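Note sheet for the following structure.
No experiment lies behind these values; they were computed from the predicted model shown. Residue numbers run from 1 in the order of the sequence given.
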Amino acid sequence: CTAPDDVGLTATSTFDVVVSDTSCGDAYLSVGDVAGTVGSQIQIQVKGYTGCCVTGFSMGIGHDKTKLSFVSATAGDFITTHAGNQLVFSASGNENSGNANSAYVQIYSFFDIPNAGDTSITVSSIPIPVDTVLFTLTYEILDASYPDGTTATLTNTTVNANFGLTNPVANVFSRRAGQAPLDPTTTANGTVTIRENASPTITACAAQNANVDTDSNGTNDAIEATSL
């Protein structure tokens, strides 16, 4: 910035203009619905959206461990393509202490994390488009006696509504340094519908050979059925 004084001399001063996106608008998180049979593995997509730039997210997805067992998680194509080999993504299964039935999956993802040797950020923050798959969770439906149509809820809030316990992982989108994390304004839990494992059994009737005793008149006197 340059300003002249009353005798024509000038003084120059420089300053930085910081453009911020502190106004984020809406953000949401939703867990999908799926059906599967006992003993099978099912995949659930977790989708999200943000109205401003984010640098990653941390989430806890709760489940009933008497019905489901966490197997694995994979990052979605959008964040994988954006962050490339700088992407940090981890998922681990945990149990909620104090309740034998409650468990949760802890997910962390960051597009770029500087370290002591290199503090530069090479991957930009970015808004998450509508209905973007953030990651996919794989569960196994446990082998137990469930009536057909039994459901298991996947909770994506920090409080597991089914069991009244708090997941120790906040569901938030991380933002640039100095900016507060972004809480989803809308959340939607997912549902796994458990179907009967057994398929209908079809029993074939035994094929039969008919031995026909024909008399001289061409009349069938007796028919003997013999199973093959």
Side-chain angles (χ1 to χ4, degrees), residues 27-50 54-97 99 101-113 123 125-143 151-163 165-175 181-184 186-195:
Y28 68 75
L29 174 66
S30 66
V31 184
D33 300 318
V34 72
T37 57
V38 171
S40 68
Q41 291 188 358
I42 47 92
Q43 293 186 322
I44 303 283
Q45 289 185 336
V46 179
K47 298 181 179 181
Y49 160 79
T50 65
V54 296
T55 59
F57 51 82
S58 66
M59 294 174 185
I61 309 296
H63 65 275
D64 183 342
K65 72 173 188 177
T66 67
K67 298 176 181 177
L68 301 173
S69 175
F70 170 67
V71 176
S72 63
T74 55
D77 289 344
F78 177 80
I79 62 174
T80 301
T81 300
H82 175 67
N85 60 9
Q86 297 298 309
L87 178 67
V88 176
F89 181 85
S90 67
S92 59
N94 302 270
E95 296 183 4
N96 268 327
S97 60
N99 190 305
N101 296 339
S102 179
Y104 65 95
V105 180
Q106 178 177 335
I107 303 103
Y108 291 107
S109 182
F110 302 97
F111 304 155
D112 194 353
I113 297 181
V123 179
S125 59
I126 191 172
I128 305 296
V130 173
D131 279 348
T132 294
V133 177
L134 300 175
F135 53 91
T136 299
L137 297 170
T138 299
Y139 295 90
E140 180 179 350
I141 301 177
L142 297 180
D143 192 0
T151 59
T153 302
L154 298 174
T155 59
N156 70 351
T157 57
T158 52
V159 175
N160 189 327
N162 282 352
F163 308 108
L165 296 175
T166 301
N167 293 331
V169 182
N171 286 348
V172 296
F173 295 97
S174 57
R175 302 181 64 202
L182 174 63
D183 292 318
T186 303
T187 61
N189 293 332
T191 300
V192 178
T193 302
I194 301 174
R195 296 299 182 188

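- With sequence neighbours excluded, the residues that form a side-chain contact (heavy atoms from CB on, under 4.5 Å) with Thr191 are Asp33, Thr151, Thr193.
- Shown here are the ring-ring contact (aromatic ring centres under 6.0 Å, His included) partners of Phe135, two or more places apart in sequence or in another chain: Phe57.
- Taking CG of Asp131 as the start and NZ of Lys47 as the end, the distance is 5.0 Å to the nearest 0.5 Å.
- Using a 4.5 Å heavy-atom threshold, the side chains of Ser125 and Val54 count as separate.
- Legend: residues meeting side-chain contact (heavy atoms from CB on, under 4.5 Å) with Ser92, ordered by chain and number and at least two apart, are Asn94, Gln106.
- Residue Ile44 forms a side chain to side chain contact (heavy atoms under 4.5 Å, CB included) with just one option from Thr136, Leu68, Val192, and that option is Val192.
- In this structure, OG1 in Thr138 is found 4.0 Å from CD in Gln43, a value given to the nearest 0.5 Å.
- Note: His63 and Tyr139 meet the aromatic proximity criterion, with ring centroids under 6.0 Å apart.
- Side-chain atoms of Thr81 do not come within 3.5 Å of backbone N or O of Phe78 as any donor-acceptor pair.
- Contact record, Pro127 with Pro129: O-CD, 3.4 Å, taken as the closest heavy-atom pair.
- In this structure Ser30 satisfies the side chain to side chain donor-acceptor pair (under 3.5 Å) test with no other residue, sequence neighbours excluded.
- The structure places OG of Ser72 at 7.0 Å from CD of Gln41, a figure rounded to the nearest 0.5 Å.
- Residues Leu137 and Ile61 meet the side-chain proximity criterion, which asks for heavy atoms closer than 4.5 Å.
- When the ring-ring contact (aromatic ring centres under 6.0 Å, His included) test is applied to Tyr28, the partners found at least two apart in sequence or on another chain are Tyr49.
- Here the closest non-hydrogen pair linking Arg175 and Pro181 is CD-C, 4.3 Å.
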Subject >> Criterion side chain to side chain contact (heavy atoms under 4.5 Å, CB included) on Lys67 and Ile194, from CA distance to verdict >> reply: CA-CA 9 Å; Lys67 298 176 181 177; Ile194 301 174; 4.3 Å; yes
**OP:** Any chance you could lay out the side chain to side chain contact (heavy atoms under 4.5 Å, CB included) test for Val31 and Asn189, step after step, and finish with the verdict?
**Re:** CA-CA 5 Å; Val31 184; Asn189 293 332; 5.8 Å; no
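- The nearest pair of heavy atoms linking Phe173 to Pro184 is CE1-CG, 4.1 Å.
- With sequence neighbours excluded, the residues that form a side-chain contact (heavy atoms from CB on, under 4.5 Å) with Ala75 are Ile79, Thr80, Leu87, Phe89.
- When the options Ile128, Thr50, Val172, Leu134 are evaluated for a side chain to side chain contact (heavy atoms under 4.5 Å, CB included) with Leu29, the one that passes is Leu134.
- A 4.5 Å side-chain heavy-atom check between Ser174 and Phe110 finds at least one atom pair inside the cut-off.
- Contact record, Glu140 with Val71: N-CG2, 3.7 Å, taken as the closest heavy-atom pair.
- Once rounded to the nearest 0.5 Å, the distance linking CD1 of Ile141 with OG of Ser40 reads 4.0 Å.
- A donor-acceptor contact shorter than 3.5 Å is absent between the side chain of Ser58 and the backbone of Tyr108.
- Residues Leu182 and Ala27 share a closest heavy-atom pair of CD2-CB, 3.8 Å.
- Atom CE in Met59 sits 15.5 Å away from atom OH in Tyr104 (nearest 0.5 Å).
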